[in-house]
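Indexing begins at 1, ligand by ligand and atom by atom, following the structure's order. Computed from a predicted model, the values in this text were never measured in an experiment. Along the sequence shown, the residues carry numbers beginning at 1.
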Amino acid sequence: MHNFTYWSPTEVVFGKGTENQTAAYVKKYGGSRVFIVYGGGSVVRSGLMGRVTAALDAAGIAHAEFGGVQPNPSLEKAKEGIAEAIKFGADFILGVGGGSAIDTAKGIAHGAANPDVDIWKYWTEELTVEKSLPVGVILTISAAGSETSSSSVLTNKATGSKRGLDTPCNRPKFAIMNPELTFTLPPYQVACGITDIMMHTLDRYFNPLDNELTDAIAEALLRTVIAKGAAAMKDTHDYDAMSEIMWAGSLSHNGLTGLGGTGDFAPHQLGHELSGMFDIAHGASLAVMWGHWAKYVCHTKLSRFVRYAENVWHITEGGDEEKALAGIQATVDYFKSIGMPTCFSEAPEIGLQSEDVLKDLAWRCTFEGTRTIGGFQVLDGADILKIYESANV
Ligand code: NZQ
Ligand code: ZN
């Protein structure tokens, strides 16, 4: 087991009606002027926003609303929010929605606490976030795990570059998680969320090390999400399914399912370039890439793919090679069964691409020749190009 630090400080407030406690939690973490960040309007249409602002009013907490955050949220929108949050005199940022609203809330918190800094320098690692405003979350989609994670992902629309920032300052103070708030999700978004949750564990599970407890936790999480995901796709009002998925979404990305390992995250890096170039939903971008990545790297440590096939997909027949490939195929088939694309031509946002575009994607994925990706198998620009080529069908 590798050395690790496990710090997941977010206070999770889980269950029916928990959004009614928002004002109390804002106060608990020192908020008196709350800047509320949300997306394209689902939280207004569902009535959630009205309930939250009424509760803040009743508690005498000043608030300002900042909506219009789009999926694959932009740096530009975060900068707009920073200016407004500073003008408002915000001392607390509340993200209401999914990963896009929450990641923008985190960006605004960093910018409002450091008004002289171009925040993109945090994402490009030219600067380190030393201080930020406190962030709280009301989650409405189980997917990105941003509600407890140390990450925030923004896209610089000017360059098409989508990057993640990892810092302890990204950990929200509290996360209000009522599975009923996810009942209004369109099935496509549920499927994107299921895929992303699985991938946060898969991208940790496929690493060079074996750690029995961590691996077993990862496998249990995957089995749960696969089964409950199928139920959720049939009925988004299935409380049992939606609550298991919601809790899995947080556990999958707060670090737990990779403790003691070294992580991989290559599929995430491959997917980010697709979202940066084609604005495809994050979960869908991962479903497009995973099978192609897995077939490319599986011989690096076949035993891990065999274990995955046996313990997650209950595959018992055949030799090692057959089992490993059957586990990969079962995953790809599952993605298809929930309506996810598994190659370029199945994703309407992407479609078949020319070799030049694939080369550009690979070049961008190496941050213009300055990095490799992956830990299970380290991938350079040539490897990355081959994986994009195999997905381009
Ligand atoms: O914008 P609104 O109108 O709210 O609609 C959203 C959006 O269209 C809709 N939605 C959310 N809750 C809803 C709902 N519609 C109806 N009822 C509800 N209850 O769902 C759509 C997607 O929302 P979004 O916030 O984009 O989803 P998600 O949580 O998947 O976030 C994706 C973003 O998070 C990043 C992704 O790259 C992507 O930019 N990630 C963030 C991570 C992190 N911070 O730790 C890690 C992840 O790997 C990921 O990269
Ligand atoms: Zn993800």
Side-chain angles (χ1 to χ4, degrees), residues 8 10 19 36-49 66-75 77-78 95-107 123 135 137-157 161-167 169-172 175 177-204 236-237 242 245-246 249-250 252-255 263 265-276 279-287 289-290:
S8 184
T10 304
E19 67 276 17
I36 306 176
V37 182
Y38 64 98
S42 71
V43 299
V44 177
R45 290 190 295 279
S46 69
L48 173 64
M49 188 60 80
F66 181 73
V69 173
Q70 299 292 319
N72 295 319
S74 70
L75 167 70
K77 185 74 182 174
V96 184
S100 298
I102 299 167
D103 287 359
T104 305
K106 292 175 179 180
W123 271 257
V135 172
V137 169
I138 304 176
L139 188 65
T140 66
I141 173 172
S142 310
S146 183
E147 66 278 7
T148 58
S149 82
S150 58
S151 316
S152 165
V153 184
L154 292 180
T155 300
N156 183 331
K157 292 284 177 193
S161 163
K162 182 172 182 174
R163 294 226 178 162
L165 163 69
D166 193 53
T167 162
C169 292
N170 274 335
R171 300 275 189 184
M177 296 167 54
N178 174 0
E180 286 185 334
L181 298 178
T182 67
F183 284 1
T184 49
L185 279 168
Y188 176 76
Q189 291 298 341
V190 176
C192 285
I194 291 165
T195 307
D196 196 19
I197 293 168
M198 287 175 65
M199 209 62 67
H200 290 153
T201 288
L202 290 171
D203 274 358
R204 291 176 165 91
T236 60
H237 287 60
M242 296 309 255
I245 293 171
M246 186 173 248
S250 295
S252 196
H253 204 35
N254 75 0
F265 278 91
H268 261 79
Q269 301 309 318
L270 295 164
H272 279 344
E273 293 313 321
L274 297 183
S275 290
D279 211 10
I280 182 174
H282 174 62
S285 78
L286 301 173
M289 293 314 306
W290 190 81

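- Rounded to the nearest 0.5 Å, atoms OG (Ser74) and CG (Asp279) are 10.0 Å apart.
- In terms of heavy atoms, Val37 sits closest to Ala101 at CG1-O, 3.7 Å.
- Within the 4.5 Å cutoff, side-chain heavy atoms of Trp290 are placed close to those of Leu202.
- Contact annotation: Pro73 has at least one heavy atom less than 4.0 Å from an atom of ligand 1.
- Inside a 4.0 Å radius of atom 6 (C) of ligand 1 there is not any protein heavy atom.
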> Under the side chain to side chain contact (heavy atoms under 4.5 Å, CB included) criterion, do Ile36 and Phe66 qualify, and how do the steps go?
Replying inline: CA-CA 6 Å; Ile36 306 176; Phe66 181 73; over 6 Å; no

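- Lys162 NZ, 2.7 Å is the protein heavy atom nearest to atom 37 (O) of ligand 1.
- Per-residue contacts place Gly39 under 4.0 angstrom from the following atoms of ligand 1 (heavy atoms of the residue considered): 1 (O).
- In this structure, Ser252 and Thr201 approach most closely via the heavy-atom pair OG-OG1, 2.7 Å.
- Near His200, with a cut-off below 4.0 Å to any heavy atom, the atoms of ligand 1 are 46 (C), 47 (C), 48 (O).
- Nearest to atom 24 (P) of ligand 1 among the protein's heavy atoms is Ser100 OG, 3.4 Å.
- Panel note: side chain Arg163, backbone Thr155; no donor-acceptor pair is recorded below 3.5 Å.
- The residue from Gln189, His282, Met199 that puts a heavy atom closest to atom 22 (C) of ligand 1 is Gln189.
- Only the backbone of Leu181 comes within 4.0 Å of ligand 1, counting heavy atoms alone; no side-chain atom from C-beta on gets that close.
- Close to ligand 1: Val153, with a non-hydrogen atom less than 4.0 angstrom away.
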Can you give the donor-acceptor pairs under 3.5 Å from side chains of residues 184-197 to other protein atoms, not counting sequence neighbours?
residue, atom, partner, partner atom, Å
Thr195, OG1, Ala191, O, 2.8
Asp196, OD1, His200, NE2, 2.9
Asp196, OD1, His268, NE2, 3.4
Asp196, OD1, His282, NE2, 3.0

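- Less than 4.0 angstrom separates some heavy atom of His253 from each of these atoms of ligand 1: 45 (O), 46 (C).
- Contacts with ligand 1 closer than 4.0 Å are made by side-chain heavy atoms of Ser149 only, the backbone lying farther away.
- For ligand 1, the atoms sitting less than 4.0 Å from at least one non-hydrogen atom of Ser151 are 43 (C), 44 (N), 45 (O), numbered in the order shown with element in parentheses.
- In this structure, Gln70 does not count as a contact residue of ligand 1, since none of its heavy atoms falls inside 4.0 Å of the ligand.
- Summary of contacts: the protein heavy atom closest to atom 17 (N) of ligand 1 is Thr184 OG1, 2.8 Å.
- Between Phe265 and Arg204, the closest side-chain pair of non-hydrogen atoms falls below 4.5 Å.
- Counting heavy atoms from C-beta on, the side chains of Ser285 and His272 never come closer than 4.5 Å.
- The backbone N or O of Ser152 sits less than 3.5 Å from a side-chain atom of Trp123, completing a donor-acceptor pair.
- Protein heavy atom at the shortest distance from atom 41 (C) of ligand 1 is Asp103 OD2, 3.1 Å.
- In the vicinity of Gly98, heavy-atom distances shorter than 4.0 Å reach the ligand 1 atoms 25 (O), 29 (O).
- Ligand 1 has Gly41 within reach: a non-hydrogen atom of the residue lies less than 4.0 Å from it.
- Near the Zn ion (ligand 2), less than 2.8 Å away, sit the protein N, O or S atoms Asp196 OD1, His200 NE2, His268 NE2, His282 NE2.
- Residues Thr140 and Thr182 are not in side-chain contact: their nearest non-hydrogen atoms beyond the backbone lie 4.5 Å or more apart.
- Judged by distance alone, with hydrogens and angles left aside, the side-chain atoms of Asn254 form no donor-acceptor pair with the main-chain N or O of Ser8 at under 3.5 Å.
- Looking from atom 4 (O) of ligand 1 to the surrounding protein, the closest heavy atom is Ser42 OG, 2.7 Å.
- Judged purely by atom type and a 3.5 angstrom limit, Lys106 uses its side chain to pair as donor or acceptor with the backbone of Ser146.
- The single protein non-hydrogen atom nearest to atom 40 (N) of ligand 1 is Ala144 CB, 3.7 Å, given as residue, atom name and distance.
- Taking every non-hydrogen atom of Ala143 and a distance limit under 4.0 Å, the qualifying atoms of ligand 1 come out as 29 (O), 30 (O).
- Using modelled atom types, no side-chain atom of Asn72 and backbone atom of Gly276 make a donor-acceptor pair closer than 3.5 Å.
- Side-chain contact between Glu273 and Lys162 is absent, with no heavy-atom pair separated by less than 4.5 Å.
- For the side chain to side chain donor-acceptor pair (under 3.5 Å) criterion with Ser150, the lone passing option out of Asn170, Asp166, Thr10 is Asp166.
- Side-chain atoms of Ser149 never come within 3.5 Å of backbone atoms of His253 as a donor-acceptor pair (strictly under, hydrogens ignored).
- Each of the atoms 48 (O) of ligand 1 lies under 4.0 Å from some heavy atom of His268.
- Ranking protein heavy atoms by distance to atom 10 (N) of ligand 1, first place goes to Leu185 CD2, 3.7 Å.
- Scanning the protein for heavy atoms near atom 8 (O) of ligand 1, the closest one is Pro71 CG, 3.8 Å.
- Contact check for Val96 versus Leu48: side-chain heavy atoms found under the 4.5 Å cut-off.
- Within the structure, the closest approach of His272 to ligand 1 falls below 4.0 Å when heavy atoms are considered.
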